[in-house]
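Taking it in order: structure first as structure tokens, then the write-up.
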Amino acid sequence: MRVAAIDCGTNSIRLLIADIEGESFREVLRTMEIVRLGQGVDETGQFHPDAITRTLAAVDKFAAEIARRGVEKIRFCATSATRDATNRHLFVDGVRERLGIEPEVISGDEEAALSFAGAIQDFHPSDGPFLVVDIGGGSTEFVFGTTDVESAKSVNIGCVRMTERHFAHDPAQQSQVDAARADIVEAIAKAASIVPITKAKTLIAVAGTATTVAAAALNLSEYDRYAIHLSRITAQQVHETSQMFLTKTREERLTLGYMHPGRVDVIPAGALVLSEIMSATGASEFVASESDILDGIARSLAGKGA
């Protein structure tokens with residue numbers, strides 16, 4: 001069965017087209033556009049018209065690929081920013097017109113379950129229990145389990161939200177970093193009251209913040225998802241990389257060969273979130289995974305995973 005999964009987050013929108021038959025999973029196309037749908041949502045509670053325009057333009061591109069490649073089933077999942085926006089109907093209506101399906105505004109719990117299903121697909125249960133951490137644009141999900149989700153919590157400390165809330169200067173001033181850190185630590189504690197974040201055998205981190213930190217730690221000259229996938233990054237490397245991103249200017253970050261231009265503004269806040277997670281969990285390393293919620297959405301269309 002050829003399926004199309006679309007993950008529409010706060011910072012990016014991504015498409016995965018895959019052929020799934022039984023246990024066989026073959027990737028046909030994986031692509032991403034940075035659209036910053038969550039622009040200003042933390043402050044205003046609404047989507048900015050420009051953000052809707054950018055995102056629907058990306059949906060048009062995805063619709064053309066889906067039509068061209070003979071997809072049989074589509075699932076469109078929207079996450080943190082769309083949950084928070086009071087005018088989300090404008091966006092939902094636009095997606096429906098372009099794809100002919102109803103986009104789902106999924107809960108934090110379902111987002112966590114889909115991320116978990118995607119993230120653990122390349123691991124053996126003996127590597128568990130797992131803590132899967134998904135640092136998005138608006139929220140961060142903490143998911144614990146071995147083969148199924150045992151506990152999960154979504155908290156509002158995504159890289160876009162933290163950037164807009166705290167980082168008025170670039171590079172951020174120390175007082176702004178301290179305020180962001182306090183916000184992050186409080187949110188992690190909230191997650192830890194529900195999820196046993198210190199009990200995992202393997203910490204898996206997914207999504208663009210984690211994979212960009214991995215690219216930096218691996219000293220890649222350009223972004224290479226195959227080099228990044230399943231790489232092991234030490235806590236010390238995470239702390240050092242976070243500090244590096246926080247102290248470089250936007251122009252300096254743009255010169256880094258692995259840096260996506262759409263991530264350059266928000267990576268300092270995102271890396272700070274990951275650094276604080278490493279401290280709070282006590283994990284000596286994390287495993288970077290390029291398989292994430294997008295893979296979980298695709299598998300759900302074939303009746304697998306979440």
Side-chain angles (χ1 to χ4, degrees), residues 3-16 18 20 25 32 37-38 41 47 55 59 62 73-86 88-89 91-92 95-96 99 101-121 123 128-161 187-188 190-197 200 204-210 273 277 289-306:
V3 303
I6 299 173
D7 165 38
C8 184
T10 302
N11 196 44
S12 64
I13 184 169
R14 301 180 302 147
L15 167 68
L16 170 63
I20 305 177
F25 184 101
M32 173 185 74
L37 178 61
V41 169
F47 284 138
T55 308
V59 174
F62 290 179
K73 291 176 76 173
I74 309 171
R75 188 176 181 190
F76 186 114
C77 293
T79 54
S80 177
T82 310
R83 286 197 294 268
D84 295 345
T86 57
R88 61 178 170 265
H89 63 280
F91 172 60
V92 168
V95 172
R96 189 189 302 113
L99 291 175
I101 61 163
E102 192 68 24
E104 301 170 54
V105 183
I106 61 174
S107 68
D109 286 346
E110 183 163 13
E111 183 176 357
L114 289 166
S115 292
F116 186 82
I120 67 167
Q121 67 182 28
F123 294 85
F130 304 101
L131 177 66
V132 175
V133 174
D134 183 346
I135 302 171
S139 64
T140 293
E141 280 66 52
F142 294 80
V143 199
F144 182 88
T146 299
T147 55
D148 297 298
V149 175
E150 295 171 29
S151 57
K153 178 65 177 174
S154 178
V155 289
N156 284 337
I157 50 169
C159 58
V160 173
R161 195 184 298 268
I188 293 173
K190 191 182 298 183
S193 69
I194 293 168
V195 180
I197 67 171
I204 307 170
V206 302
T209 286
V273 172
I277 288 171
S289 176
E290 288 277 1
S291 299
D292 54 25
I293 188 172
L294 202 53
D295 301 76
I297 296 167
R299 286 176 176 275
S300 74
L301 284 166
K304 297 182 180 299

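Scope of the values below: all heavy atoms of this structure, side chains included, with no hydrogens, waters or symmetry mates. Please read these numbers as outputs of a predicted model, since none were measured by experiment. We number each residue from 1, following the sequence as shown.
- Residues F47 and T55 fail the side-chain proximity criterion, which asks for heavy atoms closer than 4.5 Å.
- Side chain to side chain, R161 and T10 fail the donor-acceptor criterion of an N or O pair below 3.5 Å.
- Distance NZ/K153 to NZ/K190: 6.5 Å, rounded to 0.5 Å.
- A 4.5 Å side-chain heavy-atom check between D134 and V143 finds every atom pair outside the cut-off.
- At least one side-chain heavy atom of I6 sits under 4.5 Å from a side-chain heavy atom of I13.
- Screening L16, I120, D7 against D295 for a side-chain contact (heavy atoms from CB on, under 4.5 Å) leaves a single residue, L16.
- Between T140 and I277 the shortest side-chain heavy-atom distance falls below 4.5 Å.
- Residues L114 and C77 approach most closely at CD1-SG, 4.3 Å, considering heavy atoms.
- Two residues are said to be in side-chain contact when any heavy atoms from C-beta on lie closer than 4.5 Å; L99 and V59 meet this criterion.
- A pairwise comparison of heavy atoms in A152 and D109 identifies O-OD1, 4.4 Å as the closest pair.
- Closest non-hydrogen pair, A119 versus V132, comes out as CB-CG1, 3.7 Å.
- When all heavy atoms are compared, the tightest approach of A210 to A205 is CB-CB, 3.6 Å.
- For the pair E111 and I106, the tightest heavy-atom approach, listed with the atom from each and the gap, is CA-CD1, 3.7 Å.
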Test side-chain contact (heavy atoms from CB on, under 4.5 Å) on V195 and E150; report intermediate values, then the result.
CA-CA 8 Å; V195 180; E150 295 171 29; over 6 Å; no

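- Checked by atom type and distance alone, the side chain of K73 pairs as donor or acceptor with a backbone atom of L301 at under 3.5 Å.
- Residues S115 and E141 bring no donor and acceptor atom of their side chains to less than 3.5 Å of each other.
- Using a 4.5 Å heavy-atom threshold, the side chains of I297 and E104 count as separate.
- For F144 against F116, the heavy-atom pair with the smallest separation is C-CE1, 4.3 Å.
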